2 protein chains.
Amino acid sequence: MGGSEIRRNMPLFSIGIVMQLTDLTARQIRYYEEHELISPARTEGNKRLFSLNDIDKLLEIKDLIDQGVNMAGIKQIFNVKQQTAISAAEKKQAEKTRRELSDADLRKLLRKELQQAGRFNRSGNHGDMSKFFH
Amino acid sequence: MGGSEIRRNMPLFSIGIVMQLTDLTARQIRYYEEHELISPARTEGNKRLFSLNDIDKLLEIKDLIDQGVNMAGIKQIFNVKQQTAISAAEKKQAEKTRRELSDADLRKLLRKELQQAGRFNRSGNHGDMSKFFH
DNA sequence: AAACATATGTAAGATAATCTGACATGAAAA
DNA sequence: TTTTCATGTCAGATTATCTTACATATGTTT
């Protein structure tokens, strides 16, 4: 179940398409990027390229703005969601680990873990792009 | 199960992205369009916009060309596939009809059918874009 | 072999789509 | 009322794509 992560993060859509899909103006989309609510990829020539996850986020942003939340609020909400997702992933991973690793593996892992702490990753709580893809 | 049809036919992708996704050159893609193997939509400004189905087809075309099939051959293959799909759909539809319509409905339908014959529609035998979306 | 057809490469000139940066503005907050 | 926020709008620059035309390698027909 890790492949769909990649797919949902694949930069595929031009800003024009994203405008249609989200019903936001280019100005709005760029403004949200400026406030780091999204971070679309770029082409070699500096054109923005959005992923499905970006579009999900934009739809969420739109909802939240309709409900009167400002940039700062949305940023916090995203942080919380991300943290929640990370926790959930860690929990799942811990559970998986408990079941899958032998004691020997565990010792090896522990050693590694003690040395280099703190790597990171994206998470992914999907919105409702299910309207567009299945 | 009709919504995903729409989604797969939604024009979303610029030619640049399709080039990356299919590993075809712009020249090749335009050539295949010229030979009516695909019919991408256009923006107001005449830029091509490809759907998931278009991309499926391009991947199929690529395979067939690798296997030495020429434009004419591919066109025939697509025709056959489409016909097959239509037949399948008709069969399914007939079955559905048999189960779902009352005799009254059937009489009404029959009348209509006798008047205006011959409307049409797309079909859809999907390729393997499952690599990119789920 | 010569001539032709097919599929693709490549280049030129035109136009569309997008970019950044700046200034304008209405509504809400201070 | 003055600021701040979210968005609109315009200008000038750059990228991406378009069509058309010619070039070319490989395969086919005469």
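Remember, predicted model here, so these are calculated numbers, not experimental data. Naming convention: chains lettered A, B, ... in sequence-line order (proteins, then strands); numbering from 1 in each chain.
Using a 4.0 Å cut-off between a side-chain N of Lys or Arg and a carboxylate O of Asp or Glu, A:Asp54 and A:Arg48 do not qualify as a salt bridge.
The distance between atom CE of A:Met19 and atom C1' of C:dA17, rounded to the nearest whole Å, is 10 Å. Distance, A:Ile17 CD1 to C:dA17 P: 11 Å, rounded to whole Å. One can place CD of A:Glu44 at 16 Å from C1' of C:dT18, the figure rounded to the nearest angstrom. Here C:dA16 presents its C1' atom at 10 Å from NZ of A:Lys47, a figure rounded to the nearest Å. Between the CZ atom of A:Arg42 and the C1' atom of C:dC19 there is a distance of 8 Å, rounded to whole Å. Atom pair B:Asp23:CG and C:dT8:P shows a separation of 13 Å (rounding to whole Å applied).
Every residue was checked against the side chain to side chain donor-acceptor pair (under 3.5 Å) condition with B:Thr84, not counting sequence neighbours, and none meets it.
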In a table with atom names and distances, give each donor-acceptor pair under 3.5 Å that connects a side chain of residues 14-21 of chain B to protein atoms at least two apart or in another chain.
none

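When each of C:dT8, C:dT20, C:dA17 is scored by its nearest atom to the side-chain atoms of B:Gln28, the top-ranked nucleotide is C:dT8. The side chain of A:Asn46 lies closest to C:dC19 when the candidates are C:dC19, C:dT8, C:dA17.
Heavy atoms only, all atoms of each residue included: A:Phe13 and A:Leu52 are closest at CE1-CD2, 3.8 Å. Of all non-hydrogen atoms in A:Asp56 and A:Arg8, the two that sit nearest each other are OD2-NH2, 2.6 Å. Annotation for B:His35 and B:Lys75: closest pair O-CE, 3.3 Å, computed over non-hydrogen atoms.
Not a single donor-acceptor pair under 3.5 Å links the side chain of B:Lys62 to the backbone N or O of B:Leu24.
Side-chain N/O atoms of A:Ser14 include one lying less than 4.0 angstrom from OP1 or OP2 on C:dT18.
Annotation: ring pair (Phe, Tyr, Trp, His ring centres under 6.0 Å) contacts involving residues 45-74 of chain A, sequence neighbours excluded, are absent. Each salt bridge (charged side-chain N to carboxylate O under 4.0 Å, His left out) pair with one or both residues in residues 35-47 of chain A, not counting sequence neighbours, appears once here: A:Glu33-A:Arg42.
Heavy-atom nearest nucleotides on DNA chain D were determined for B:Ile15 and for A:Asn70, and the one closer to the 5' end corresponds to A:Asn70. Between A:Gly45 and A:Met71, the residue whose closest nucleotide on DNA chain D is further toward the 5' end is A:Met71.
Counting 5' to 3', DNA chain D first comes under 4.0 angstrom of a heavy atom of chain B and last does so at the ends given by D:dT17 to D:dT19.
For residues 30-39 of chain A, proximity to DNA chain C is found at A:Arg30, defined as any non-hydrogen atom under 4.0 angstrom from a strand atom.
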